[in-house]
Visitor: 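The structure's right below; bear with me while I get my questions together.
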Protein chains: 2
Amino acid sequence: MTNLAATEVKLETRARGILEQHHIRPTAQRMKLAEILLAAPCHLTAEQILISLRESSRKVSKATVYNTLKLFVEQGLVRQIHCDGDRCVYDSRIAPHHHFQNLDTGEMIDISPDDLAFERLPPLPQGTEIAGVDVVIRLRRKA
Amino acid sequence: MTNLAATEVKLETRARGILEQHHIRPTAQRMKLAEILLAAPCHLTAEQILISLRESSRKVSKATVYNTLKLFVEQGLVRQIHCDGDRCVYDSRIAPHHHFQNLDTGEMIDISPDDLAFERLPPLPQGTEIAGVDVVIRLRRKA
DNA sequence: CTCCCTGCAAATGCTTTGCAACTAA
DNA sequence: TTAGTTGCAAAGCATTTGCAGGGAG
């Protein structure tokens, strides 16, 4: 009980700090969203976030959820991953890392950067540099 | 001229052969689509394919393009790549390979499997096996 | 008071689907 | 004949946008 309360306070403080670091005004809606995403490293769809929000006291409109997520992505607060054509997840872990994708469930699982290394990378086209490298290991149930 | 004609005939034959191998009835529309995709390894959006088709003699409806592409994907004739949220490309190279994505132009470029190798892969979650590994190296114009 | 934020609903854009006409074996 | 295909238009669906009302500083 006291632990829970302490955790919640800490989370709120942390969320506020991160928003301010990114020069985002900490409105009630943005705070709620940040708290959901920052509570733990997670991969959530806009829909799942919307459901989380409805369960909490404060109600947030769908438009605001999308607008806020877009803002967070632009500010580098979360990462947007397109796992398939008509669904994308917001990844609250900012540090570079890779993913398993469970094809049966659609679930995304983090891969620690330490667990994956390249032996050889291809030469880059003239005049370009690497902005990022994404690896997705697609998994199926073992036969 | 004779070369061109020969190439076209060959392409048509090849397209027909591939459709039959996959037990897809070679209708005129499917042949045209297969020819566009098989002419060379390429990454085309549904829109680009639609434009190619309009330029050719035979006209094909948008619905048929989507239905046919879906069929081709299901049959493993082409690969569908989701490069961003509201756009996907159809990759006519079936063999496993990876991609550069030019963030400035959206263009996808093949990476030969020989040019990329892993030094270390992460342990897989219990009861799963690898269905595929996709690497996307995102590029930006060099500063 | 002013600017920015929010929420609703309408709009957008890609993709899918229902259905009647059609086509090839 | 008969199952499989096509094309049109309408439907779907995730996301974006226009705009009026609202809130914080």
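Everything quoted here is computed from the prediction, not taken from an experiment. Each chain gets a letter, A, B and so on, in the order the sequences are listed, and its residues count up from 1.
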Visitor: Answer yes if Leu53(B) and Val73(B) sit in the same cluster of Ile, Leu, Val, Met, Phe, Trp and Tyr residues linked by side chain heavy atoms under 4.5 Å apart, and no otherwise.
Guide: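 Hydrophobic grouping puts Leu53(B) with Val73(B).
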
Visitor: Say whether Ile51(A) and Tyr66(A) are linked into one hydrophobic cluster, either directly or through other cluster members, by side-chain heavy-atom distances under 4.5 angstrom.
Guide: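 No, it is not one cluster - the side chains of Ile51(A) and Tyr66(A) are not joined through contacts under 4.5 Å.
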
Visitor: Closer than 4.0 angstrom, basic N to acidic O: yes or no for Arg140(A) and Asp104(A)?
Guide: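 So Arg140(A) does not pair with Asp104(A) through a salt bridge.
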
Visitor: Examine the side chains of His43(A) and Asp110(A) and answer whether a donor and an acceptor come within less than 3.5 Å of each other.
Guide: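 Their side chains do contain a donor-acceptor pair, which is all the 3.5 Å distance test asks for.
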
Visitor: Contact between Ile24(A) and Leu77(A) at the side-chain level, heavy atoms closer than 4.5 Å - yes or no?
Guide: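 SC-SC contact between Ile24(A) and Leu77(A) confirmed.
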
Visitor: Would you say the side-chain atoms of Asp91(B) and His97(B) include a donor-acceptor pair closer than 3.5 Å?
Guide: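 Per modelled atom types, Asp91(B) and His97(B) side chains form a pair under 3.5 Å.
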
Visitor: Indicate for each nucleotide in nucleotides 3-15 of chain C, in 5' to 3' sequence, whether protein heavy atoms under 4.0 Å reach the base (B), only the sugar-phosphate (S), or nothing (-).
Guide: -SSSBBB----SB

Visitor: When you look at Leu103(B) and Leu139(B), which way does the side-chain contact (heavy atoms from CB on, under 4.5 Å) test go after all the steps?
Guide: CA-CA 6 Å; Leu103(B) 293 176; Leu139(B) 301 174; over 6 Å; no

Visitor: Give me the first and last nucleotide of DNA chain D, going 5' to 3', that has any atom under 4.0 Å from a heavy atom of chain A.
Guide: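 Nucleotide range in contact with chain A: dA14(D) to dT17(D).
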
